[in-house]
Q: 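Let me give you the structure first, and then I'll get to my questions.
Numbering of residues begins at 1 and proceeds along the displayed sequence. Because the structure is predicted, anything quoted here is derived from the model rather than measured.
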Amino acid sequence: MKKSYLFLADGFEEVEALATVDVLRRAEMDVTTVSINATREVTGAHGVSVNADCVISDMKLTADTEWLICPGGMPGASNLAACEPLTAMLREHYARGGRVAAICASPAVVLAPLGILDERPATCYPGFESIAAGVDMTGKDVVALDTLVTANGPANTLPFAFAIVSVSKGTQVASDVAAGMLYGK
């Protein structure tokens, strides 16, 4: 089974991180939460502390790595962008055709400076488009491509997560998970 990683930095947006992990695990995707801190404890933008599954210094990209996922939140996105081991992983993974997903501020703050969004449509939290010069920020809620999924903020976390599932496992699995969660009822 392919592995996916969701990165947590102090100031992460709790809904975007935890709901995404929840949906992916419901779809039976192997997703690991990764703290960019020296310890597994990470505190979100609204004071919710969580223990990540591992710390970034303990992980390595492998051939079976499918997704690298960056939730938003501030200063979470800025903290992710300042993490050199993470930015190196994102560049390497995407350059070899790996899948990357980001939501809220992270498309603009984390991915755009790395060139990952160059010549690809994307979306981000309203107001962050200006720091992603040259990127085709569509203003849509979610933009899902073959190797890139972006979304604009907390209210669209579930569609973001369903898009990741759809790209990985197909629209039927994503629909089944959504139905099981009573999404759209």
Q: I need the minimum non-hydrogen distance between A45 and M74, along with the two atoms involved.
A: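 Closest pair (atom of A45, atom of M74, distance): CB-O, 3.9 Å.
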Q: List the steps, then state whether side-chain hydrogen bond (donor to acceptor under 3.5 Å, both in side chains) holds for S49 with T43.
A: CA-CA 4 Å; S49 293; T43 302; 2.9 Å; yes
Q: Decide yes or no for E119 and D136: does some side-chain heavy atom of the first lie under 4.5 Å from some side-chain heavy atom of the second?
A: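 No, their side chains stay 4.5 Å or more apart.
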Q: What pair of heavy atoms forms the shortest contact from A27 to V173, and how long is it?
A: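 The answer is CB-CG1, 4.2 Å.
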Q: State the OG1-CG distance between T157 and D141, to the nearest 0.5 angstrom.
A: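 The distance works out to 11.0 Å.
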Q: I'd like to know whether R40 forms a side-chain contact (heavy atoms from CB on, under 4.5 Å) with T33, so could you lay out the CA-CA distance, the side-chain angles of the two residues, the decisive distance to 0.1 Å, and finally the verdict.
A: CA-CA 9 Å; R40 292 177 43 215; T33 57; over 6 Å; no
Q: Check for a donor-acceptor pair, side chain of E14 on one end and backbone N or O of H46 on the other, with a separation under 3.5 Å.
A: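 At least one qualifying donor-acceptor pair exists.
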Q: Is there a side-chain contact between D146 and V167 (heavy atoms, below 4.5 Å)?
A: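 A side-chain contact is absent here, since even the closest heavy-atom pair is not under 4.5 Å.
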Q: Linking I/L/V/M/F/W/Y whenever any side-chain heavy atoms sit under 4.5 Å apart, do L145 and Y94 land together?
A: yes
Q: Would you check if the side chain of S106 reaches a backbone N or O of A102 as a donor-acceptor pair within less than 3.5 Å?
A: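 Such a contact is absent between S106 side chain and A102 backbone.
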Q: Is F160 reachable from L148 through a run of hydrophobic residues whose side-chain heavy atoms are each under 4.5 Å from the next?
A: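 No, it is not one cluster - the side chains of L148 and F160 are not joined through contacts under 4.5 Å.
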Q: Is there a donor-acceptor contact under 3.5 Å from the side chain of E66 to the main chain of K2?
A: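 Answer holds: no.
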Q: Got L117 and P107 here, is their nearest side-chain heavy-atom distance under 4.5 Å?
A: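 Yes, close enough: below the 4.5 Å cut-off.
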Q: How many angstroms lie between OG in S4 and CD1 in I69, if you round to the nearest 0.5 Å?
A: 5.5 Å
Q: Specify the closest pair of heavy atoms between C83 and I56, including all atoms of both residues, with the distance to one decimal.
A: SG-CD1, 4.1 Å
Q: How far apart are the C-alpha atoms of V55 and N37, what are their side-chain angles, what is the distance that settles it, and do they pass the side-chain contact (heavy atoms from CB on, under 4.5 Å) test?
A: CA-CA 7 Å; V55 294; N37 296 338; over 6 Å; no
Q: Rounded to the nearest 0.5 Å, what separates atom NZ in K140 from atom CG in N156?
A: 13.0 Å
Q: Keeping the roles fixed (side chain from H93, backbone from R99), state whether a donor-acceptor pair exists under 3.5 Å.
A: yes
Q: Compare all side-chain heavy atoms of M89 with those of K60 and state whether any distance is below 4.5 angstrom.
A: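 Side chain of M89 against side chain of K60, heavy atoms only: no contact under 4.5 Å found.
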Q: What is the minimum heavy-atom distance between G97 and T147, and which atoms define it?
A: O-CG2, 3.6 Å
Q: Report yes or no: does S168 contribute a side-chain atom to a donor-acceptor pair with the main-chain N or O of V165 at less than 3.5 Å?
A: no
Q: Knowing that exactly one of L80, L61, V110 qualifies, which makes a side chain to side chain contact (heavy atoms under 4.5 Å, CB included) with L90?
A: V110
Q: Has the side chain of T150 got a donor or acceptor atom that lies under 3.5 Å from a matching backbone atom of I103?
A: no
Q: If you look only at pairs with a residue in residues 164-185, which of them pass as a ring pair (Phe, Tyr, Trp, His ring centres under 6.0 Å), with sequence neighbours excluded?
A: F162-Y183
Q: If you apply the rule side-chain contact (heavy atoms from CB on, under 4.5 Å), what do you find for M29 with I164, and how did you get there?
A: CA-CA 10 Å; M29 292 176 64; I164 294 169; 4.2 Å; yes
Q: Between the side chain of N79 and the main-chain N/O of A9, is any donor-acceptor distance below 3.5 Å?
A: no
Q: Could you go through D53 and V34, starting from their C-alpha distance and side-chain angles, then the distance that decides it, and tell me whether this counts as side-chain contact (heavy atoms from CB on, under 4.5 Å)?
A: CA-CA 6 Å; D53 297 319; V34 181; over 6 Å; no
Q: Spell out, as yes or no, whether a donor-acceptor pair under 3.5 Å connects the side chain of T123 to the backbone of M137.
A: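 The answer is no, because no donor-acceptor pair under 3.5 Å joins these two groups.
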Q: Same cluster for I36 and W67 if Ile/Leu/Val/Met/Phe/Trp/Tyr side chains link at under 4.5 Å?
A: no
Q: Treating D10 as the side-chain partner and V42 as the backbone partner, does any N or O pair qualify as donor plus acceptor under 3.5 Å?
A: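 No, because the side chain of D10 does not come within donor-acceptor range (under 3.5 Å) of the backbone of V42.
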Q: Look at D30 together with K3 and state whether they make a salt bridge at an N to O cut-off of under 4.0 Å.
A: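 Yes.
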Q: Which heavy atom in V142 sits nearest to a heavy atom in P159, and how many Å separate them?
A: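 So the two residues come closest at CG2-CB, 3.9 Å.
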Q: Would you kindly confirm whether V149 and L114 end up in one hydrophobic cluster when ILVMFWY residues are joined by side chain heavy atoms under 4.5 Å apart?
A: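 V149 and L114: separate clusters.
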Q: Between CG of L6 and CD of E16, what distance do you get to the nearest 0.5 Å?
A: 10.0 Å
Q: Minimum heavy-atom separation for S35 to A52, with atom names?
A: N-CB, 3.5 Å
Q: Less than 4.5 Å apart, any side-chain heavy atom of V177 and any of K169?
A: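 No, too far: nothing below the 4.5 Å cut-off.
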Q: Would you say the side-chain atoms of E41 pair up with the backbone N or O of N51, donor to acceptor, closer than 3.5 Å?
A: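 Checked: no pair found.
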Q: Got a second to check how far L86's CG is from M59's CE, nearest 0.5 Å?
A: 8.5 Å
Q: Is the ring pair F7/Y5 parallel, tilted or perpendicular, if the boundaries are 30 and 60 degrees?
A: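 Ring orientation, 0 to 90° scale: tilted.
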Q: Is any side-chain heavy atom of V31 less than 4.5 Å from a side-chain heavy atom of R25?
A: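 Yes, their side chains come closer than 4.5 Å.
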Q: Would you kindly confirm whether L24 and L8 end up in one hydrophobic cluster when ILVMFWY residues are joined by side chain heavy atoms under 4.5 Å apart?
A: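 Same cluster.
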Q: So, taking the atom named CG in D176 and the one named CZ in R26, what distance separates them when rounded to the nearest 0.5 Å?
A: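 Answer for the CG-CZ pair, D176 versus R26, is 13.0 Å.
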